[in-house]
Amino acid sequence: MIVPLAAASAVDVAARIVTQKMAENMGQQFVILNMPGASGMIGAEQVAHAEPDGYTIGGFNDSIMTMVPNLQSKMRWDILKDFEPVSLVATVEWGLIAGNQTPYKSASDLIAAAKAEAWKDRLWVWRSGQSQHLARRCLRAGAGISLTHVPYKGATQAATDVAAGQILSASRAWERSRRWCAEVSSG
């Protein structure tokens, strides 16, 4: 199974649980190959162009299937023509995170600090072309704040850097952030 996202990402963890059950049921081992980068386009391309023999499957998130094809002008695969959906494995809600070492305990704290420019040397992060990217743009526009884009290959590395204090905050999904952005925009 090709997972076009980083090891230890939510999709990777779900894929490992699913392939373990598949192996038990089918009596055959499955290997997971993580291929992060380019917002999932690299790994998705490998799945799209694999020999159609049933031995290569992909474990994708919603962004790879919906946002990336609509944000990129040139794609080497077509989500509607090159893939056959098999199953919905999981749904995940995420949110905005900040490290425990920061004084920020709420979104309001983060927005107030951003407006006061309390951290000129601290960075914000999201993955280009993914739901976190769009959620962060919504936050930036709705709150009227400036954010620095620092692309990571995956949310796992970003979360690790947040916990270590290397970056201030990271977005970790769209649904919760979308509702939150609507609240920010309305005051």
Side-chain angles (χ1 to χ4, degrees), residues 1-72 74-100 125-136 150-164 166-167 169-180:
M1 175 182 280
I2 295 176
V3 174
L5 301 156
S9 66
V11 174
D12 177 64
V13 171
R16 291 179 189 281
I17 293 168
V18 168
T19 55
Q20 181 180 0
K21 286 295 184 187
M22 289 171 65
E24 291 171 11
N25 291 338
M26 299 171 77
Q28 187 168 327
Q29 288 302 115
F30 289 82
V31 175
I32 294 180
L33 177 60
N34 295 92
M35 298 184 77
S39 296
M41 291 190 299
I42 296 168
E45 181 178 353
Q46 292 298 311
V47 176
H49 297 142
E51 190 68 34
D53 56 11
Y55 285 98
T56 302
I57 58 176
F60 297 176
N61 66 4
D62 59 333
S63 295
I64 293 168
M65 297 183 298
T66 59
M67 292 183 196
V68 171
N70 289 295
L71 293 173
Q72 300 298 319
K74 294 182 181 181
M75 299 285 296
R76 294 184 180 161
W77 46 267
D78 183 309
I79 194 67
L80 299 175
K81 295 177 183 173
D82 295 327
F83 301 97
E84 186 65 38
V86 176
S87 176
L88 172 64
V89 174
T91 59
V92 179
E93 281 202 26
W94 304 84
L96 182 68
I97 62 171
N100 286 335
V125 63
W126 59 78
R127 295 179 313 177
S128 299
Q130 296 283 330
S131 54
Q132 297 91 337
H133 182 180
L134 297 179
R136 199 54 93 151
V150 181
Y152 276 74
K153 282 188 177 180
T156 305
Q157 292 86 356
T160 300
D161 278 358
V162 168
Q166 299 300 313
I167 59 173
S169 172
S171 296
R172 295 291 309 260
W174 179 242
E175 283 305 313
R176 224 172 252 216
S177 297
R178 183 177 63 191
R179 288 192 299 268
W180 182 62

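What you see below is based on every heavy atom in this structure, not just the backbone, and it leaves out hydrogens, waters and symmetry mates. Heads up: numbering here begins at 1 and tracks the sequence. If you're wondering where the values come from, they're calculated on a predicted model, not measured in any experiment.
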Smallest separation among heavy atoms of [X] and [Y], with atom names:
X   : Y   : value
I64 : P69 : O-CD, 3.2 Å
V3  : A15 : CG2-CB, 3.8 Å
P4  : G43 : CB-CA, 3.8 Å
I79 : M65 : CG1-O, 3.6 Å
A23 : Q29 : CB-OE1, 4.1 Å

Short side-chain to backbone donor-acceptor contact, S9 and L5, under 3.5 Å: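 Answer holds: no.
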
Counterpart residues, side-chain hydrogen bond (donor to acceptor under 3.5 Å, both in side chains), relative to R16 (two or more places apart):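 Once residues adjacent in sequence are excluded, the partners of R16 under the side-chain hydrogen bond (donor to acceptor under 3.5 Å, both in side chains) criterion are D12, N34.
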
Summary of ring pair (Phe, Tyr, Trp, His ring centres under 6.0 Å) pairs that have at least one residue in residues 18-60, sequence neighbours excluded: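 The answer is F60-F83.
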
Under the side chain to side chain contact (heavy atoms under 4.5 Å, CB included) test, residues paired with V89 that sit two or more places apart: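 In terms of side chain to side chain contact (heavy atoms under 4.5 Å, CB included), with neighbours along the sequence ignored, V89 is linked to A14, V18.
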
D78: partners by side chain to side chain contact (heavy atoms under 4.5 Å, CB included), with sequence neighbours left out: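 Applying side chain to side chain contact (heavy atoms under 4.5 Å, CB included) to D78 gives L80, K81, D82.
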
Within 6.0 Å of CG in N100, more than 12 heavy atoms from elsewhere: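 Open.
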
Any side-chain heavy-atom pair of V31 and M1 under 4.5 Å: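 Contact flag for V31/M1 side chains = no.
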
Heavy-atom side-chain contact between V86 and I57 under 4.5 Å: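 Sidechains of I57 and V86: no contact.
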
How long is the span from the [atom1] atom in [X] to the [atom2] atom in [Y], to the nearest 0.5 Å?
X   : Y   : atom1 : atom2 : value
T91 : N61 : OG1   : CG    : 13.0 Å
L71 : S63 : CG    : OG    : 9.0 Å
N70 : M75 : CG    : CE    : 9.0 Å

Which residues share a salt bridge (Lys or Arg N to Asp or Glu O under 4.0 Å) with E24, sequence neighbours left out: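 So E24 forms a salt bridge (Lys or Arg N to Asp or Glu O under 4.0 Å) with K21.
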
Pairs touching residues 39-53 that satisfy salt bridge (charged side-chain N to carboxylate O under 4.0 Å, His left out), sequence neighbours left out: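 Output for this query lists E45-R76.
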
